[in-house]
Each structure stands twice: as structure tokens, then as C-alpha cells.
*Asks:* 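First the structure, which I've put down as C-alpha cells, then a few questions once you've had a look.
As the structure lists them, so they are numbered: ligands from 1, and atoms in each ligand from 1. In what follows, every heavy atom counts, from backbone to side chain, and hydrogens, waters and symmetry copies are set aside.
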Amino acid sequence: MNRHNYAYYVLDNPTIPDAEYDKLFRELQALEQTHPELASSDSPTQRVGAAPLPQFAQVTHSVPMLSLGNAFDDSDIIAFDRRVKDGLKLDGSVAYATELKFDGLAINLRYEDGILVQAATRGDGATGENVTVNIRTVHAIPLRLRTAHPPRVLDVRGEVLMFKADFAKLNARQRDVGQKEFANPRNAAAGSLRQLDSRITARRALRFFSYGIGLLDGADMPPSHSALLDWYAELGLPVCGERAVVEGADGLLAFFHGIGNKRASLPYEIDGVVYKVNRLDQQRALGFVSRAPRWAIAHKFPAEEALTVVQGIEVQVGRTGAITPVARLAPVFVGGVTVTNATLHNEDEVRRKDIRIGDTVIVRRAGDVIPEVVAFVPEARPADAREFTMPSVCPVCGSPIVRPEDEAIARCSGGWIKCAAQRKGGLLHFVSRRAMDVEGLGDQLIEQLVDKHIITTAADLYKLGVTALAGLDRMADRSAQNVLTALEKSKKTALARFIYALGIRHVGEATAKELARHFGSMDALTQATEAQLLEVSDIGPVVARSIVAFFSDSLNIELIEQLRAAGIHWPEGVSESKPKPLLGKTFVLTGTLPTLTRDAAAEMIEAAGGKVAGSVSRKTSCVVAGEEAGSKLVKAQELGITVLDEAALRALLKSD
Ligand code: JCF
């Protein structure tokens, strides 16, 4: 059971299904009941929590738990590297261990003779709280180190955190039982760990990564930080794979930017990266200033959450008529940009989060995701805070807003004929990159073209001339010509893109590709019955009905005819005749390829019949890896999956 636990939580590579593990668990429980003398304190049955404590006891750390100095930009890092070199009186470059800065809680784990005997929070760095019973429920933390010769005493330091997916599941569960949701994974991790009733902690999916050491007795201190982490990994402690040893400030900044690029796709939240002088003798020589080491620094990303005030709540009308409440905010700098609007998703969400006009709220902008309102701050609610009311008519076209009983989304009932907002949304979708890909035709142009009644449908786009375009705001002759060139270029397209561009409800990019592959021509698709559509893989009754409804509207058929008459074309039937050398194969892309973008590589693989997945598993056929490939590459190597570079991928696509 310990081996399965280790495979799942530390190697991230499950060896048996959950149900099998549960069976073993019950078997062991029964054995321990009949033979209590055989039950040991590090048994897997001892991870379920215990009766509530009256309070947490205080623990004094043998070696204080440090905090880190912060850096925010490149110049701070260059200055840090300079201070280190000056401090060490070195001319050459310094080797640094780089790692992630997890957004969780710092913990000290004490192992005596290889057995976990105590766990304590960081507290103020000198004393923390004894959370041993809670920590025992964290499956990623070994109750016994995997070595025949453990040190007498080892203090392992690291971060307890909750993965994003587990956080989402926890909040969904909290919502279902009418309990308070957590604002972010960090709060969820802290709230889960600091439970006096550790049986609650046991039900929360907490994780752990090791990154530091306190007291060590009965073993030699490894010579470097990277060697320490390697040793930890050997002992069966979880160590994050996103780490490296780099040289000098250039190496630090390259690591920072590399992690910044994949931050959003990591399964956990980080608020920056940490740099440590790698050699421990050099760390000792540098020492400390007050409570922070001179040999380490945290390089922080711009904060993803900030506080601001809701000045109003308005609604936006999307291309399908969906009404989205949007909070108008006092401008706030978050996630690296100034934000003035944040989505509130839908009416129920506003009620559930109880966001009111006048509230101070936490706004979140993670990566390129649209900013959202996370929660309001109860202490800051003014007496005159006003509740949001859903309008009964569309603010753009005046048509009634309707909300089917079983749906979360209210919609404008005007359709694109009556509602300019839906028209604009539909046109923007039509020209978007993954649809018809008309470069330079952005929202401001579409806005003007619709408002000035120059265009109504997508077909009108192809009737535009230089004079009509050049008359618009911020449009010189030259850019007008560029738009016309882009429109002309867009006429040569693919069937899947065209289907996707039509904006049929429930038909996203993947479904459009399936439809194109299955039917091979627009005519076959427009005439397809519900029964025929249900034969297409991944298409269910709702989608089938939506497609049939779309093509039974004569206006849509007319639009398609006009677009084809305007010259939009694609290689007809090609999808059936072209060879599919990669059929049945699943690819995972990781890192930066020398010439291909991720999208371009995915398109080439799919054109050859292959599938592209987001994560590596036993089902993966090949991993295509480029520069700075990370954990996916490691996993592929562990699982013995073929790894290709761009050249090898191209060769594969040509071969068959
Ligand atoms: O992930 C973290 N929050 C983190 C905190 C990572 C580290 O390597 C740290 C830390 C705090 C202190 N290292 C030290 C020395």
C-alpha cells in the first residue's frame, strides 16, 4: 500500500485503481483489528484523522523557519546576483538552484529514525502549531522514509498545498452542501490543515512538496541544495520536478520566464519562483540578514488577486444572446494589467456570491483568463450596498430576456436579426483566428460596421470595399486595404473552420472537425438528420438537435449560399481521401518547438488523423518535445513513451 501511495502521490504515476487500494485498505484494517499487536504507527490505516483536539499545542522549531526576501523585476535579480558574487568575493558566475514558490503553507516535518514523529506550521518562524495528526492524513507525506539507514533526526521543510482540480472539487462539494466556499487553493489548504478535527482534514486532498531542511543529525549534509532535493526524492519525499540548476542572473531570468509561460498549465498555484545559491558552503559563507537568508530570494509574479470596489453591475449580451452580468470596477492593477470590468458569470452566481453594488471585492485575473469577481469582503460592505436585478428586456435590442427553467443562462430572445449585440458577437466569432481567421478585423471595426448599418451578416463582409472601410474611425486607406486582403485570403479555408465559423450552438472547434471529417461536404451536413448526426463520435442528442435546428432555418441556408457565392471554398471531400498515417495515435506537445507553434503542430497531427491530448498517460503514443519541456517529458521518459523533436515529427508526417 505504501508503494501504491508513493507511486500515486510522489511519482504521479498510479499503479492500481482507487477501488483496489480501498480493498487493500479494508483488508489491512481487518487484520489490525484481529491482531492489534501488529498495528504500527506508520500503517496506512493511520491516515484517517483522530478525535478533535481542544487546541493545537505550540512547537518550538529547533532551527528557525526562514522567510525569503522578494524581488519583482529583472533589476532586482541582477542586484541579488551581484550581492551574492560580492559576498563570496567571486569573479565567475554562481550556480543557483531554482524552484517554484508554491502558494500554500510552510510546514516542518520531523523524522526520527525514519518515522514521522511531528509536524508543525511555520507560525512566526520560531514557534508554530503542532499539526501532526492533520499532517498524517496527507498521503503525499511518507509516514516512514524509504531507506534502510535513516538519519537519527531529520527536519524536512516544505509546502502543504491544494491542487487546482482538488480545490475546484472541494468548492463544488461545499456548494452542494450549502457550506462556505474557499476564495483560493491557498485558503482551502490552510483551512483544511488547521482543523482541530483531523477527520475533516483527511477528507481534503492536500499535497506536499519538500524544499528545505532544518535539523539534521546522524547523516552528512548534502553538499548542495540540488543534492539535498535529490536525496529527499530517494527518501520517498515529494519533490517538485520543475527545478533546475542554472548559472548567473541570465540563468535565473531564463528560468523565471520559462515558468511564467507554463504557469497557467501547472496543476497547482505558484506565486513566483525561488532562487538559492546551490552550494551549501557558499550559503553558509553568505549567512543571513535579520530573518531572511542572503543566499536566497523569491522572484514574484504580479499578484493575481487584488481588492477593489464594485461601482455598478451591468449586463453584456453575447453572440448566442447569453446575458452575462459584468461588474464595473474602480480601476485596479492585477495580474499585470489594469482591470475595470470583471465577469460575474450569471445571475445565480451573483446571488450565490452575494455580490452587491458598493461592495469591496477580491478580483482575480489569472494568465489570460478574463477577470472575475471571487468574493466580497463582508467587513467592508456599506449600508447602502445595492443588489443586482436581472433586466427583463435586452439592453441592446429591447427583446424580452428569457431563462429556461433548467438553465443557468438567461438569453435575449431577439436573435441576430433583431439584436445588434448578437450580430456583433456572431461576426467577431466568424472572423476569429480559429474560425475564418480574418486578420485585422477586430471588435472596434465590427462595432462600427454594425452600428453604421454597413453590414448585417457575415456575407456582407465580403461585399466591403475600400471606401466603406476607409470612412471609419481609425482606418487609413492602407489598413482598409489590409482588411480587404485578409478577407480575400480567408476565402480559401477548410470545411471544419467554416462549420465552426457559423457559430452553431454547441458546435465548438472539436465538434466542427468531427462533422467535417464525418460528412466531408457542406451539403451532406446541411441535409443530415438527427439520427445521422448521432452516428458522429462525441455528438449527443442536444448537439444533434441544435445542428438540425440551425440548418432548418432558411436564413442560415441562405447565408451559407451567399458566402459560397462570395467565393469561400475548401478542398471538398479531401478529408476522406487523404492518407491518415497517424490514425489512432495520441500525441502530447510540450515545450517550445524550433519553428512550429503549438497550434500549427496540433493542426498537422490532426490533419494526419492523430489526436492531441493535454497530458501524458499510458495511452499516449508519442510526446513531441521542444525547448524547456518540463514534467510531461519526464513522465514520458518514465513511462517509456517515444519522444520526438520537431524534425522527427515532420519526418513521421511525411513517411506513410
Ligand atoms: O514554495 C515556497 N513557498 C517556498 C518557501 C519555497 C522555498 O524554497 C523556500 C520558502 C521559504 C524559505 N525556501 C526558504 C528558504
Side-chain angles (χ1 to χ4, degrees), residues 61-72 77 80 83-84 95-109 119-126 128 138 140-141 154-164 184-190 193 206-216 221-222 224-233 237-246 252 255-256 259-260 263 266-280 282-301 303-305 631:
H61 300 299
S62 314
V63 178
M65 290 182 77
L66 307 171
S67 54
L68 293 170
N70 287 328
F72 294 94
I77 299 310
F80 165 71
R83 286 197 301 278
V84 168
Y96 294 100
T98 57
E99 55 197 32
L100 305 183
K101 186 163 191 304
F102 305 103
D103 210 359
L105 297 89
I107 293 287
N108 185 78
L109 306 175
T121 61
R122 177 175 178 278
D124 62 4
V138 178
I141 296 177
L154 168 62
D155 275 341
V156 177
R157 270 131 195 218
E159 203 86 351
V160 167
L161 64 157
M162 190 177 283
F163 278 23
K164 292 175 189 169
N184 53 48
R186 204 204 97 83
N187 289 2
L193 188 66
L206 294 174
R207 299 282 190 135
F208 178 80
F209 285 123
S210 327
Y211 55 68
I213 188 162
L215 196 64
L216 174 65
M221 192 63 96
S224 64
H225 187 69
S226 55
L228 171 70
L229 297 185
D230 292 342
W231 184 45
Y232 278 174
L237 289 157
V239 178
C240 178
E242 302 287 349
R243 61 184 174 111
V245 177
V246 305
L252 297 178
F255 182 78
F256 180 76
I259 295 295
R263 181 185 187 189
L266 293 172
Y268 36 74
E269 290 200 339
I270 56 173
D271 55 359
V273 298
V274 178
Y275 311 138
K276 293 173 178 172
V277 170
N278 196 31
R279 275 169 51 177
L280 262 63
Q282 291 184 334
Q283 290 187 4
R284 262 177 242 116
L286 286 160
F288 302 86
V289 255
S290 64
R291 291 223 316 273
R294 277 205 190 87
W295 43 265
I297 198 161
H299 192 175
K300 300 281 248 339
F301 294 124
E304 290 188 329
E305 289 185 357
S631 58

*Asks:* Going by side-chain hydrogen bond (donor to acceptor under 3.5 Å, both in side chains), name the residues that satisfy it together with Asp103, two or more places apart in sequence or in a different chain.
*Replies:* none
*Asks:* Select all protein residues for which some heavy-atom-to-ligand 1 distance is less than 4.0 Å, and list them by chain and number.
*Replies:* Leu66, Leu68, Glu99, Leu100, Lys101, Phe102, Glu159, Tyr211, Val274, Lys276
*Asks:* Among residues at least two apart in sequence or on other chains, which ones pass side-chain contact (heavy atoms from CB on, under 4.5 Å) with Pro222?
*Replies:* Ala227, Leu228, Trp231
*Asks:* Got Val274 and Thr98 here, is their nearest side-chain heavy-atom distance under 4.5 Å?
*Replies:* no
*Asks:* Report the residues that fulfil salt bridge (Lys or Arg N to Asp or Glu O under 4.0 Å) with Asp230, sequence neighbours left out, ordered by chain and then residue number.
*Replies:* Arg243
*Asks:* Working to the nearest 0.5 angstrom, can you tell me the gap between Leu280 CG and His225 NE2?
*Replies:* 8.5 Å
*Asks:* To the nearest 0.5 Å, how far apart are CD in Glu159 and CD in Glu99?
*Replies:* 10.5 Å
